[in-house]
Asker: 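This is the structure I want to talk about, given as C-alpha cells.
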Amino acid sequence: MSIAYDPQEIEPRWQRRWEELGLYQVDSDDPRLKSYVLCMYPYPSGPAHQGHVRNYTFGDLNVRYRTMNGEAVLSPIGFDSFGLPAENAAIKTQIHPRTFTDARIVELKESLGRLGAVYDTRREIKSHDPEYIKWSQFIFTKFMEAGLAYRANAPVNWCPGCQTVLANEQVLADGTCERSGDLVTRRNLEQWFFKITDYADQLLDELEPLEWPERVKVMQRNWIGRSVGAEIEVAISGRDDLDPITVFTTRPDTSFGITYVVVAPEYPRLFDFVTSEYREEVRSFCAEVASRSDIERQSTEMGKAKRGVATGAYAVNPFSGASVPIYVADYVLATYGTGAVMGVPGEDQRDFDFAKAYGLPIIETTERPESYVGDGAYGGPGVKVNSGFLDGLTVDEAKAKALEFLVDLGAGRAKIQYRLRDWLVSRQRYWGCPIPAVYCEACGIVPVPLEQLPVLAPDDVEFLPTGESPLARNANFVNTTCPHCSGPARRETDTMDTFVDSSWYFLRFCDPFSTDKPFNKDDVSAWMPVDQYIGGIEHAILHLLYARFFTKALSDLEIVPSGVREPFKRLFTQGMIRLDGSKMSKSKGNLIAPSGYFDGVGADALRLFHLFVGPPGDDFDWTKQTDEMIEGCYRFLSRVWRLVLNQSESFPGVAITKDLVDSTEVDLELRKTTHRTIEKVTSGYQRWAYNSCVASLMELTNAIYKAVATGASNETVSEAEDTLLLMLAPMVPHITAELWEKKNGGIVHSESWPVADPEMLEDLKTTLVVQVNGKLRDKIEVLTDISEEEAVARVRSLPKISAILGDEEPAKIVLRLPRLINLVL
RNA sequence: GCCCGGGUGGUGGAAUGGUAGACACGGAGGCCUCAAAAGCCUCUGCUCGUAAGGGCAUGCGGGUUCGAGUCCCGCCCCGGGUACCA
C-alpha cells in the first residue's frame with residue numbers, strides 16, 4: 001500500500017504541471033498587489049552550477065512565498081548571452097559564437113528547469129537576440145543625441161599574449177591577464193564613453209534609502225569617491241607667459257604650509273616650465289617611470305621611498321607669497337584631479353615622506369593635540385598656526401576662510417572632485433552588441449536611425465587571434481552609406497561592453513512584447529522598481545552602478561517613467577560556495593555539478609540543503625561532509641512523505657499508547673506547536689533566516705510523529721501536516737505539491753500562507769528559571785500568571801535553593817516573571 | 001595601511017541582555033531482521049565524581065550589569081574589499 005518517496009517520478013511531472021497551469025504568468029492589469037522578484041540573469045556558460053542552484057532557489061522561494069501571500073509576482077528570467085568566452089571558443093574551434101552560445105543556453109535552461117524554479121516563460125530574453133540588440137542600440141543612439149555617449153582618446157588594456165584588448169575586469173590585481181598571465185600594457189585608442197559622471201551626485205545621494213547590504217553601499221560610495229575641496233592656481237615664478245598650475249586639495253586651510261608643488265610625470269605642460277639645466281634629468285626620470293609597469297610603480301615598498309626630481313622652476317604660494325620649488329614625482333597620479341598637487345608635509349603623510357627624502361621644509365599649520373605623539377604628518381582637527389590670517393581658526397573655519405580668500409583673489413574656487421570616471425563602453429570584439437554609429441566624411445559621427453536598427457554583425461567572418469575585431473576586417477559590414485547625406489561612410493566596428501546589456505534588461509522584462517519601443521512605460525510603472533533583487537556580491541560595484549545610471553538617464557530621457565529613479569529597491573547578496581578554499585567556478589574547474597543530485601536525491605533535497613546549510617548571505621565550504629548533509633535533507637523529506645501518507649512503517653517500534661494518554665492534552669500540545677511554528681517560520685521567511693525556518697519545520701515534523709504515536713486526533717494531526725506542507729511549499733515545491741494533492745486535492749502553491757491563531761500562542765504554564773547570583777540553580781513549572789509573592793515563596797522553599805541560601809537573606813531579588821527569577825546575595 | 005565581515009562542540013550552525021549549543025551531520029549503544037539495507041528509540045561540549053551532584057566553557061584581556069555569545073574599551077587570528085584618489 002505504501003508508495004516510496006521517488007523524486008525522479010514526481011519532479012518532472014510537477015515541472016510540466018506548473019508550466020501548464022501558468023500560475024506565474026502575470027500581467028500589469030492584475031488586481032493583486034504587484035511585486036517584482038529578480039535574480040541576476042545568468043551568463044550561459046553551460047549547465048547550472050551550485051551557485052546558480054543557490055541563487056535561483058532563493059529567487060523561487062521568494063516568488064512562491066509572495067504568491068501564497070496574495071501578491072502578483074513578476075518572475076522573469078533571461079540570458080546575458082554576449083561575452084568573451086564564446087568568442088574565445090570561436091577562435092579556438094571556429095564554431096560561431098552564436099552556435100556555441102545557443103547550445104550553452106539550452107544546457108543551462110535544461111538544468112535550471114530541473115531545479116523546479118517557476119518563471120513567466122513568455123518573458124524570456126537573450127542579450128544576443130536581434131530584437132534585444134535593436135533596443136540596446138536604440139538606447140545608445142538616444143544617449144548619443146543627449147550627449148551621454150561621446151568619443152574620446154583613452155588608454156585600453158592590451159594583452160600581448162592573447163593579442164587582444166581586455167576589459168578591466170579581465171585584468172588581475174597584479175596587472176596580468178587572467179587568461180594568459182601576460183603583463184597587460186596600455187594602448188591609446190579612440191573610444192566610446194558614457195557620461196556616468198554627470199550622475200555622480202545622484203548616484204551617491206540616492207543610494208541612502210535603498211534597502212541594500214551596507215557593505216555594498218559603502219563600496220559604491222568609495223567607488224564614486226566624492227571629495228569636497230578647492231582648486232588653487234599657483235603661478236609659475238617669472239613665467240607670466242604660462243598658465244598657472246592648478247592643484248586640487250581637500251585641505252585649503254593648510255595652504256600656508258605649502259613648501260613645494262609636485263606634478264605627475266605625465267603632466268601635459270611639464271616641459272613648458274622645466275628649466276634647461278633640469279631638462280635632461282626630468283626627461284630621463286619620466287622615461288624611467290614610463291618604462292615601469294603600473295604594479296611596480298604602485299608597489300608598497302617602492303611607494304615608501306617616493307621618487308621624484310626637481311624641475312628647476314618655482315611656484316608662488318598665493319597665500320604667503322613664498323616661492324616654492326616645483327617637482328615631478330611618481331606618487332602623483334596623472335589621472336586624478338589635475339595631475340598636480342600642493343605639497344603640504346605638515347598635514348599629509350605622503351608629502352611628509354617626500355619632503356623628508358628631498359630635504360624640503362616642513363611647516364606645521366595645525367596645532368597638535370596634547371595627546372598627539374605621532375611622528376609625521378597630522379591630519380586631524382585643531383587650531384590653525386603659522387597660517388597668517390587663518391591663525392586661531394579651527395580647521396573647518398579655516399577651510400571656508402581660505403576659500404573666500406582664493407575667490408576674492410581670483411586664484412581658486414570651490415571644487416568637488418570624484419574618483420568615478422566616465423564608463424568606457426567600446427570593446428574591440430565581435431560577440432557583443434554593435435555600436436550603432438556611422439562615420440561620414442561630410443556629416444561626421446551619425447547615429448543609425450531607428451528604422452535601420454538593429455545593426456547586426458555579419459556571420460561570414462573569420463575568428464583569428466589578432467586582437468582586431470572580425471568586424472573591422474569585413475568590408476561588407478564596414479562600408480555603408482551615411483543615413484544623413486547618403487554619401488559613402490564607414491561603420492563603427494566596436495561593440496558595446498556587455499554591462500550595457502545588463503543595465504536595462506530588468507526594464508525589458510516589464511514588457512518584452514513591444515516591437516516599436518524598448519518597453520511600454522505603463523508596464524514599467526506597474527512593476528518597477530524590482531522589489532527583491534538577488535545576486536552575487538561580485539557585482540556590488542559595476543553592474544549595480546551601471547544599472548542605476550541607466551535607470552536615471554532613461555528616466556531623464558523620458559523613456560522610463562519619471563517616477564522610476566532607482567532599479568532595485570531591495571538587494572540581497574548571497575554568499576559564495578567554495579571548494580578547497582577558492583570560489584567554485586567554471587574557470588577554476590572545481591565545479592560539483594548539481595545534475596548528479598537531481599538524478600539522485602532530487603532537486604527538492606538539494607534545494608533544502610542550500611537553504612538549511614547556513615545563513616543565505618554567508619559563504620560555505622563544500623566538503624566531504626556535504627554529501628552526508630544532503631542525504632540528511634533527503635531523509636527528512638522521506639520522513640515528511642511517510643508521515644503525510646500515514647505509512648505504517650513510519651511507526652514500527654513505537655507502541656501506540658492511545659489509551660494511556662489524555663488525548664485532549666496531546667492535541668493541545670500539538671496545536672500549540674503548530675501555531676508557534678507558524679509564527680517562527682513566517683518571521684524567518686521575512687528575515688531571510690531560511691536555515692532557522694527549516695530547523696523549525698523539522699521540529700514540527702518531529703512533534704507530529706510524537707503526537708501520532710501518543711494518540712493525537714486526526715483533525716489536529718491533519719492541521720499540523722497541512723501547515724507543514726504549506727510552509728515547506730516555497731522551499732521544496734515538488735514534494736509538497738504532490739503530498740498536498742494526494743492529501744487534500746488542489747494546488748498547494750495556490751493556497752494562502754497560514755496564519756497563527758493568537759489563542760494558541762498563549763501559555764498557561766511555563767518554565768521559571770531560578771538563578772542565584774546570575775547562575776542557573778533550578779527550574780520549576782509555574783502558571784504564567786504567577787504572582788511575585790508566590791514565585792518568591794515557591795523558589796525559596798526549593799531544597800536546592802534553601803541549601804544555598806542557608807540563613808542568608810537575598811540582598812536583592814530580580815524578577816522577570818514568569819520566565820526568570822534571580823536571587824542576589 | 002585603511003574599510004567592512006567573522007571567530008560558539010568532532011562538523012554545518014541556533015540563541016529580542018535572561019536555561020549557551022536549537023536543528024542537522026558525524027559518532028556510540030539498542031530495537032526490528034536468518035542477515036543486511038531502510039526505519040525506529042536512547043545517548044553524545046569539556047572535566048571531576050560509582051552516583052547524587054559540582055566545576056569549566058562562545059578567540060584573548062579588561063569593563064558595564066542582578067545577569068554578557070550578545071553592549072563598551074584594548075588586543076590576537078581568519079576571510080573579503082581597497083590601494084599613494086591629494
Side-chain angles (χ1 to χ4, degrees), chain A residues 4 173 213-216 218-219 221-223 225-227 229 247-251 254 262 297-300 302-304 306 329-333 335-338 340-344 347-351 353-354 379 417-420 537-538 540-541 575-576 578 581 609 612-615 617-621 623-633 635-636 638-639 642 647 649-654 683 689 691-699 701-702 705 709 767-779 800 810-816 819-825:
Chain A
E214 195 51 36
R215 61 178 176 145
V216 176
V218 168
M219 281 193 250
R221 266 181 226 127
N222 292 342
W223 188 262
R226 188 177 129 116
S227 297
V247 298
F248 172 73
T249 179
T250 56
R251 294 293 303 276
T254 63
V262 57
R297 202 171 148 184
Q298 292 178 1
S299 74
T300 320
M302 291 189 155
K304 289 241 162 63
K306 312 242 177 250
D330 64 354
Y331 80 95
V332 180
L333 300 176
T335 49
Y336 182 78
T338 58
V341 299
M342 58 194 218
V344 191
E347 278 78 33
D348 185 287
Q349 189 60 41
R350 295 158 302 185
D351 297 344
D353 294 340
F354 190 79
Q417 186 68 46
Y418 299 90
R419 208 188 83 112
L420 182 71
I537 187 79
E538 65 273 19
I541 298 172
M576 69 177 182
R578 283 187 304 240
F609 163 74
F612 186 49
V613 70
D618 286 6
D619 293 348
F620 81 85
D621 288 294
T623 65
K624 288 189 280 291
Q625 262 205 5
T626 302
D627 275 344
E628 286 165 344
M629 291 167 76
I630 296 171
E631 285 291 333
C633 290
R635 271 202 297 274
F636 168 69
S638 305
R639 229 165 111 75
R642 294 192 307 269
Q647 293 179 352
E649 65 268 36
S650 304
F651 313 98
V654 181
S683 123
N691 53 331
S692 297
C693 291
V694 175
S696 297
L697 292 168
M698 285 175 169
E699 283 182 280
T701 305
N702 294 340
Y705 264 91
T767 304
L768 175 70
V769 171
V770 183
Q771 295 181 339
V772 177
N773 288 334
K775 282 196 175 203
L776 174 75
R777 292 300 171 188
D778 210 347
K779 332 177 205 191
K800 280 184 197 166
K812 188 174 171 186
I813 300 176
V814 180
L815 287 158
R816 291 288 180 275
R819 307 216 62 92
L820 180 131
I821 180 165
N822 186 13
L823 307 177
V824 185
L825 299 183

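Treat the numbers as computed from the prediction; the structure is a model and nothing was measured. Throughout, a chain's letter reflects where its sequence line sits, starting with A, and its residues are numbered from 1.
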Asker: When you measure from the side chain of A:R777, which nucleotide among B:C66, B:C84, B:G54 comes out closest?
Answerer: B:G54

Asker: I want to check one thing: is the phosphate of B:C66, taken as OP1 and OP2, less than 4.0 Å away from some side-chain N or O of A:K812?
Answerer: yes

Asker: Taking the minimum atom-to-atom distance to the side chain of A:A695, which one of B:C23, B:U19, B:G67 wins?
Answerer: B:C23

Asker: Taking only the P atom of each, what is the distance from B:A24 to B:C31 in whole angstrom?
Answerer: 24 Å

Asker: Of the listed nucleotides (B:A86, B:G18, B:A22), which one gets closest to any side-chain atom of A:T250?
Answerer: B:A86

Asker: Compare the minimum distances between each of B:G39, B:A15, B:C3 and the side chain of A:R635, then state the nucleotide with the smallest one.
Answerer: B:G39

Asker: For B:G74, give its Watson-Crick or G-U wobble partner with both distances under 3.5 Å, or none.
Answerer: B:C60

Asker: Between B:C3, B:G39, B:G18, which nucleotide gets closest to the side-chain atoms of A:V218?
Answerer: B:C3

Asker: Determine whether A:Q417 and A:Y336 make a side-chain contact, defined as any pair of heavy atoms from C-beta on separated by less than 4.5 Å.
Answerer: yes

Asker: So do the side chains of A:F609 and A:D627 get within less than 4.5 Å of each other, counting heavy atoms only?
Answerer: no

Asker: Determine the Euclidean distance between corresponding C1' atoms of B:G29 and B:C23; express it in Å to zero decimal places.
Answerer: 22 Å

Asker: Salt-bridge test for A:E214 and A:R221: reply yes if a basic N is under 4.0 Å from a carboxylate O, no otherwise.
Answerer: yes

Asker: Considering only side-chain heavy atoms of A:V332, which listed nucleotide, B:U11, B:G18, B:A86, is closest?
Answerer: B:A86

Asker: Name the closest nucleotide to the A:M698 side chain, picking from B:G67, B:U19, B:A24.
Answerer: B:A24

Asker: Report the base-pairing partner of B:C40 (Watson-Crick or G-U wobble, both distances below 3.5 angstrom), or none.
Answerer: B:G30

Asker: NA contact type, A:V824, heavy-atom cut-off 4.0 Å: base, sugar-phosphate, or nothing?
Answerer: sugar-phosphate

Asker: Between B:C23, B:A86, B:A83, which nucleotide has the shortest distance from any of its atoms to the side chain of A:R419?
Answerer: B:A83

Asker: Under 3.5 Å, is there a donor on one side chain and an acceptor on the other for A:R816 and A:N822?
Answerer: no

Asker: Counting side-chain heavy atoms from C-beta on, which of B:G12, B:C56, B:G18 comes nearest to A:K775?
Answerer: B:C56

Asker: Quantified in whole Å, what is the P atom distance between nucleotide B:C76 and nucleotide B:A86?
Answerer: 28 Å

Asker: Between B:A86, B:A15, B:C23, which nucleotide has the shortest distance from any of its atoms to the side chain of A:L333?
Answerer: B:A86

Asker: Under 3.5 Å, is there any donor-acceptor pair linking the side chain of A:R816 to the base of B:G18?
Answerer: yes

Asker: Should B:U82 form a Watson-Crick or G-U wobble pair with both distances under 3.5 Å, which nucleotide is its partner?
Answerer: B:G1

Asker: Is B:G9 in the syn range, within 90° of 0, or in the anti range?
Answerer: syn

